[in-house]
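Input: a single structure, listed below in structure tokens.
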Amino acid sequence: MLIPVLVGVAFVIFVLLYLTPGDPARIILGTQSTPETVKALRAEMGLDDPFIVQFGRYLFNVFFRGDLGRTYVTKTLVTDEIMSAFPQTLKLAFWSVLLLSAVGIPVGIVSAIKQYSLLDNAVMLLAMIATAMPVFWLGLLLILLFSVHLGWFPSSGFDTPMSMVLPCVAVATPSMAVVVRMTRSSMLEVIRQDYIRTARAKGQKESVIILRHALINALIPIITIIGLQFGVALGGAVLTESVFSIHGLGRLMVDGIKMRDYPLVQGGVLYTAFAFSVVNLFVDILYAYVDPRIKAQYQRAGGTKRTAPSR
Amino acid sequence: MSDPPLLDIQDLVIRYEKRKGAVCAVEGLNLRLERGKTLGFVGETGAGKTTAALGIMRLLPEPPGKIVSGRILFNGENLLDKSEDEMRSIRGGKIAMIFQDPMTSLNPVATIGDQITEMISLHSDLSRRDSIRKASDMLDLVGIRRERAGDYPHQLSGGMKQRVVIAIALACSPELLIADEPTTALDVTIQAQVLDLMKGLKEAFSTSLLMISHDLGIVAEFCDDTAIMYAGRVVEYASTAELFGNPIHPYTRGLFGSIPSITGGKGDLRTIPGLTPDASNLPPGCPFQPRCDIAGPECSKEAPRPTEVKFGHYCLCHLNRGENQP
């Protein structure tokens, strides 16, 4: 699945940029350029070739040489630019997903057990507010309160643990709300199942029933949501990175778009799709570990694939 | 008899509290089960059989379920006075329950071996290794090869799942086994196998059995005593032989009348007219009165009280007080 998805994404982004008005050669050379120099550069860059040739060349370079091209502005390799921005984004994605899981899942469980209680209603209200809140606005408010007024955390940068707190909280909060709601609804469904009653009839402790019997059965949709959030976060948190001036992928992409740096944008989008697909692959593998029924399905699917050619 | 019966339910009342008033699921239930005996518990869907069983286990979903009054004496001790911790050691250890639908009664993400082992380790001091061995022994006992202990429920057929459920229930040799329609979800040939298995194991473990069913055939074959339940009340209660030979309550007679005969003609099935009443809106007086073909004027005025028609044969009807045999 990975390769077709990436080719598809490459195609879409390539068409979009191809159709976008504006001549890259002219942008590179600036307003002072003569038509002759522009024409020469167009020929050199292969921009006069038919669309299919350009696209084919791009695909070949990407998939067989791992070459995303050079940026227009700084002439550096796009892969280098992405690789230098990636660690920041990965750190942000990892810690915020850890934070949202560590808080979101337990809160969702408690909310489900105490359904319709005051606590549950309060959690649901907070979750709704958190989902509705724009991330950059939350980020700005966090900076205002915790760095400007209280001075507890630095307002920018992403190198020390202290400086990572605010951005992670900003990125994690809306997704955390989604995880809380998903955990709650999934748990509510599982708690009513017959096998939970069976476990109670065994005389099992309620805490063990919730954690061992209910949570594992409720885990599939929760894993899905967390995986999605992680994939999205790996693509860079554009707004959060701008607010906290973190030099991650989001910032890189925004800069690329501002400067009409097509190779950079193409590469960034392609990379994002790649990261997303890889995370999804891991999520799919994780399903098999959580649910033996899904594992059996995978095995059956694998079995038919193996036997199909022999027939 | 100096020994108290194993299970003695007295005037049990269970209600479901809803926003629009309470629903009486069980109303004044009296039952008695002697050690080693089997009691059949028959009634239509919605008669309150499962509610009563969950009440004994103290597993009613609360809210909305609520045990309003009555006593459930188990070995002479009232289960309703027990703390949750005490109940936990009784559940599974002394009273075990088999649920209706084996398809959904097993945890889909745990192996069957683990699910049996869980029960054993909760109620015995066996080491982990011995618990696992005993779980495999239980599988052997219910006719599943012990190598399959590592299988997950989705790898088993319905009949095998119910065998696993039985293995779990009997793993700690409970004194009382409550079987809530254990074969309803199974097809007929598997039903017979599972029933034979239960019968054999019940004797081997000398367990008393409370058998909930709506299948009169199963009850006739299986049970020493039978209680017929209607709208949350036991309307007739006697030894199985007495009840089947000499049914008195019009509802019981209606039930027997509804069984199609293989030798009889091909006429329409006989039925009891009407439907089970809505438990939140019971008719006044005797709840069966609107459907009863012999109802008299007093039936809609006053609720009948249980009367001992013959020795050990109780009936809840105004018109059948022993002398009034039709």
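Everything quoted here is computed from the prediction, not taken from an experiment.
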Could you tell me whether the side chain of B:M211 reaches within less than 4.5 Å of the side chain of B:P182, counting heavy atoms only?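 In short, these two side chains touch, coming nearer than 4.5 Å.
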
Could you check whether any side-chain heavy atom of A:Y298 comes within less than 4.5 Å of a side-chain heavy atom of A:I294, counting everything from C-beta outward?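 Yes, at least one pair of side-chain atoms sits under 4.5 Å.
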
Minimum heavy-atom distance [X]-[Y], with the two atoms named:
X      : Y      : value
A:F230 : A:V279 : CD2-CG2, 3.7 Å
B:R146 : B:S136 : NH2-CB, 3.2 Å
B:L209 : B:F222 : CD2-CE2, 3.4 Å
B:L12  : B:V26  : O-CG1, 3.5 Å
B:A53  : B:I178 : CB-CG2, 3.8 Å

Taking side chain as everything from C-beta outward and backbone as N, CA, C, O, which of these in A:R192 sits under 4.5 Å from a heavy atom of chain B? Side chain, backbone, both or neither.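 Looking at A:R192, nothing touches chain B.
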
With only heavy atoms counted, which part of A:V190 is less than 4.5 Å from chain B, the side chain, the backbone, both or neither?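 A:V190 has no heavy atom closer than 4.5 Å to chain B.
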
Using a cut-off of under 4.5 Å on heavy-atom pairs, state which of B:H123, B:M97, B:Q155 scores highest against chain A.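 Most heavy-atom pairs within the cutoff with chain A belong to B:H123.
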
If I take atom [atom1] from residue [X] and atom [atom2] from residue [Y], how far apart are they, to the nearest 0.5 angstrom?
X      : Y      : atom1 : atom2 : result
A:L234 : A:T272 : CG    : OG1   : 9.0 Å
B:R163 : B:L139 : CZ    : CG    : 11.0 Å
B:M57  : B:L176 : CE    : CG    : 8.5 Å
A:I196 : B:L59  : CD1   : CG    : 12.5 Å
A:L98  : A:C168 : CG    : SG    : 9.0 Å
B:L122 : A:K202 : CG    : NZ    : 8.0 Å

Name, in order of residue number, those residues of residues 101-132 of chain A that have a heavy atom at a distance of less than 4.5 Å from a heavy atom in chain B; otherwise write 'none'.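 At a heavy-atom separation under 4.5 Å, chain B is reached by no residue of residues 101-132 of chain A.
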
Interface residues of residues 204-219 of chain A facing chain B - non-hydrogen atoms under 4.5 Å apart: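 Residues in range: A:Q204, A:K205, A:R212, A:H213, A:I216, A:N217.
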
Does one side chain, of A:Q229 or A:S96, offer a donor that lies under 3.5 Å from an acceptor on the other?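 Judged by distance alone, the side chains do not pair up.
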
Answer yes or no: is there an ion pair linking B:K134 with B:D137, defined by an N-O contact shorter than 4.0 Å?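 No salt bridge links B:K134 with B:D137.
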
What residues of residues 84-92 of chain B sit under 4.5 Å from chain A when you count only heavy atoms?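 Residues B:R88, B:R91, B:G92 are the ones that qualify, each having a heavy atom under 4.5 Å from chain A.
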
Positions in residues 103-120 of chain B that reach chain A, provided some heavy atom is under 4.5 Å away: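 Residues in range: B:T104, B:S105, B:L106, B:N107, B:P108, B:V109, B:Q115, B:E118, B:M119.
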
Criterion side-chain contact (heavy atoms from CB on, under 4.5 Å) on A:V5 and A:F276, from CA distance to verdict: CA-CA 10 Å; A:V5 165; A:F276 205 87; over 6 Å; no

Under 4.5 Å from any heavy atom of chain A, what part of B:L54 do you find: side chain, backbone, both or neither?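 When you check distances to chain A, only side chain atoms of B:L54 fall under 4.5 Å.
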
Relative to the ring of B:H154, is the ring of B:Y152 parallel (under 30°), tilted (30 to 60°) or perpendicular (over 60°)?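 Judged by the thresholds at 30° and 60°, the geometry between B:Y152 and B:H154 is parallel.
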
Main chain of B:L79, side chain of B:R58: is a donor-acceptor contact present, judged purely on distance under 3.5 Å?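 Answer holds: yes.
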
